Amino acid sequence: MTERFPRDRFDDATDGPRVGAHRGPQRRGRGWIVFAWAALATGVLVGLGVLGLGLATTGLSDGNDSGGGASSPTSSASASATAKPSPSSTPSASSGSGAGASAATPAQQGTTSVVVLNGTTTTGLAGRASTALTGAGWKITSTGDAGTTGTTQTIVYYRSAESAAVAQGIAKSLGTTAVQLSTAFPNADVSVVLGSDYTG
């Protein structure tokens, strides 16, 4: 027989003990260690999933119960309307510190946010007032229902003195003179609470 390769030390191997790299016998119980790690990882992942779902469900139900945290501006406007205005004085044209402020025009509104809330049982009243104000050039942020339905007088509330002129202008557009400084509506600079006297 012809040799293809030159002779080397591996051609003279005997049937003695193994020399070189080879697999040794597997240790007993090694399969259980792999199984235990896999079971632990699965348990941790399932536990984290259950915890995450529990927190997500709790967060959603809390947001729906309180009315805050909802994604629509109407819902947040409704939630803010549940606060009662400050009972310090009867609303009138001279209420608040903006009594001397001249009425602003829609062009002077700037970034002042305006919310229109229905304080009566008349369905769609806030929508009608919002349409009238938008037609007059005002930018309305949102509409909704106030926390009460027994309001008799339409009142325009403003949160700070900087918004007083816009509040006066909106009151003028609605045909009312009741403007009042109030911090009861934190979600908007100017909040209009429509009463049963609004016929728009």
Side-chain angles (χ1 to χ4, degrees), residues 61-200:
S61 66
D62 286 347
N64 290 339
D65 290 341
S66 67
S71 61
S72 74
T74 303
S75 297
S76 62
S78 297
S80 68
T82 58
K84 297 289 181 202
S86 59
S88 60
S89 64
T90 306
S92 66
S94 61
S95 294
S97 62
S102 61
T105 63
Q108 297 169 323
Q109 181 177 357
T111 59
T112 304
S113 58
V114 179
V115 173
V116 180
L117 303 171
N118 184 359
T120 70
T121 57
T122 307
T123 304
L125 192 62
R128 290 199 315 261
S130 174
T131 302
L133 289 171
T134 303
W138 296 101
K139 290 177 277 198
I140 305 302
T141 306
S142 65
T143 61
D145 292 327
T148 181
T149 56
T151 306
T152 56
Q153 182 183 16
T154 299
I155 305 170
V156 180
Y157 296 100
Y158 59 97
R159 194 170 50 174
S160 65
E162 293 81 25
S163 306
V166 174
Q168 291 285 350
I170 288 175
K172 184 177 177 182
S173 295
L174 291 173
T176 185
T177 57
V179 178
Q180 183 177 348
L181 176 65
S182 175
T183 57
F185 302 97
N187 292 339
D189 298 318
V190 176
S191 299
V192 179
V193 179
L194 299 168
S196 55
D197 63 338
Y198 179 71
T199 57

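Below, all heavy atoms of this structure are taken into account, side chains as well, without hydrogens, waters or symmetry copies. Remember, predicted model here, so these are calculated numbers, not experimental data. Index from 1, following the sequence.
Side-chain atoms of Val115 and Asn187, non-hydrogen and from C-beta on, never get closer than 4.5 Å to each other.
Remark: side-chain polar atoms of Thr154 are paired, donor with acceptor, to backbone N or O of Gly195 under 3.5 angstrom. Checking side-chain atoms of Gln153 against main-chain N and O of Ala178 turns up no donor-acceptor pair under 3.5 Å. Here the side chain of Ser130 pairs no donor or acceptor atom with the backbone of Ala126 at under 3.5 angstrom. Judged by distance alone, with hydrogens and angles left aside, the side-chain atoms of Thr141 form a donor-acceptor pair with the main-chain N or O of Val114 at under 3.5 Å. In terms of modelled atom types and a separation under 3.5 Å, the side chain of Arg159 and the main chain of Phe185 share no donor-acceptor contact.
Interatomic distance, Asp197 CG to Ile155 CD1, rounded to the nearest 0.5 Å: 8.5 Å. The OG1 atom of Thr149 sits 12.5 Å away from the CG atom of Leu125 when rounded to the nearest 0.5 Å. The OG1 atom of Thr177 lies 12.5 Å from the NZ atom of Lys172; values are rounded to the nearest 0.5 Å. Taken to the nearest 0.5 Å, the CG atom of Leu117 stands 8.0 Å off from the CG atom of Asp145. Rounded to the nearest 0.5 Å, atoms CD (Gln109) and OG (Ser163) are 10.0 Å apart. For the atom pair CG of Leu181 and OH of Tyr158, the computed distance is 5.0 Å after rounding to the nearest 0.5 Å.
What you find for Ala167 and Val179 is that their closest heavy atoms are CB-CG1, 3.9 Å. Scanning all heavy atoms of the two residues, the minimum distance from Ala188 to Ser191 falls at CB-OG, 3.9 Å. Contact record, Leu174 with Ala129: CD2-CB, 4.4 Å, taken as the closest heavy-atom pair. Contact between Thr151 and Thr120 at its shortest, heavy atoms only, is O-CG2, 3.8 Å. Here the shortest heavy-atom pairing between Gly119 and Ala146 reads CA-CB, 3.9 Å. Trp138 and Gly169 make their closest contact through CZ2-C, 3.5 Å (heavy atoms, listed as atom of the first residue, atom of the second, distance).
By the side-chain hydrogen bond (donor to acceptor under 3.5 Å, both in side chains) test, Ser113 is found to be paired with Asp189, residues two or more places apart in sequence or in another chain being considered. Partners of Thr176 under the side-chain hydrogen bond (donor to acceptor under 3.5 Å, both in side chains) rule, at least two apart in sequence or in another chain, do not exist in this structure. Applying the salt bridge (Lys or Arg N to Asp or Glu O under 4.0 Å) criterion to Arg128, with sequence neighbours excluded, gives no partner residue.
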field: Derivation and outcome, side chain to side chain donor-acceptor pair (under 3.5 Å), residues Ser160 and Glu162
entry: CA-CA 5 Å; Ser160 65; Glu162 293 81 25; 2.8 Å; yes
